Amino acid sequence: SRSPRARTEDDAPPADWLAELPHELHLRILEGVDDFSDCAAFSLASPRLGLLALRSGLARFKDPLFAVAMRLQIAQHCVGSVGTVSVT
């Protein structure tokens, strides 16, 4: 029986496979995101795409509710390991 071949860097998928897509496709994907919390999550997961959406003038990414969603996402992320966030 043959022993398996050792994996090389060439075998691994690219670390940021989204970066390989054209900007036009990035914008088409971001246009389809219609929930402010999803827009915020996308921006935090890939700041480069969040900036692209903002600079391209996508309405959801310029809305004040997007800023609120970003603050909530960041707050949840920062205190997620410590406890819960209470908004009153």
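This is a predicted model, so every value here is computed, not measured.
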[X] and [Y]: which non-hydrogen atoms are nearest, and at how many Å?
{"X": "Ser37", "Y": "Gln73", "answer": "O-NE2, 3.4 Å"}
{"X": "Asp63", "Y": "Leu65", "answer": "OD1-N, 2.7 Å"}
{"X": "Glu31", "Y": "Leu58", "answer": "CG-CD2, 3.6 Å"}

For this session: Answer with yes or no whether the hydrophobic clustering places Leu49 together with Ile74; edges join I, L, V, M, F, W, Y residues whose side-chain heavy atoms lie under 4.5 Å apart.
Result: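 Looking at the clustering, Ile74 is in the same group as Leu49.
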Is any side-chain heavy atom of [Y] closer than 4.5 Å to one of [X]?
{"X": "Phe42", "Y": "Ile29", "result": "yes"}
{"X": "Arg60", "Y": "Val33", "result": "no"}
{"X": "Lys62", "Y": "Leu54", "result": "yes"}

Problem set entry | Output field: ring centroids Phe61/Phe66 closer than 6.0 Å |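 Judged by ring-centre distance (under 6.0 Å), Phe61 and Phe66 do meet the cut-off.
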For this session: Supply the atom-to-atom distance Ser56 OG to His26 NE2, rounded to the nearest 0.5 angstrom.
Result: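 That separation rounds to 11.0 Å.
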Exercise. Which distance, rounded to the nearest 0.5 Å, do you find between the CZ of Arg55 and the CG of Leu27?
Worked result: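 It is 12.5 Å, given to the nearest 0.5 Å.
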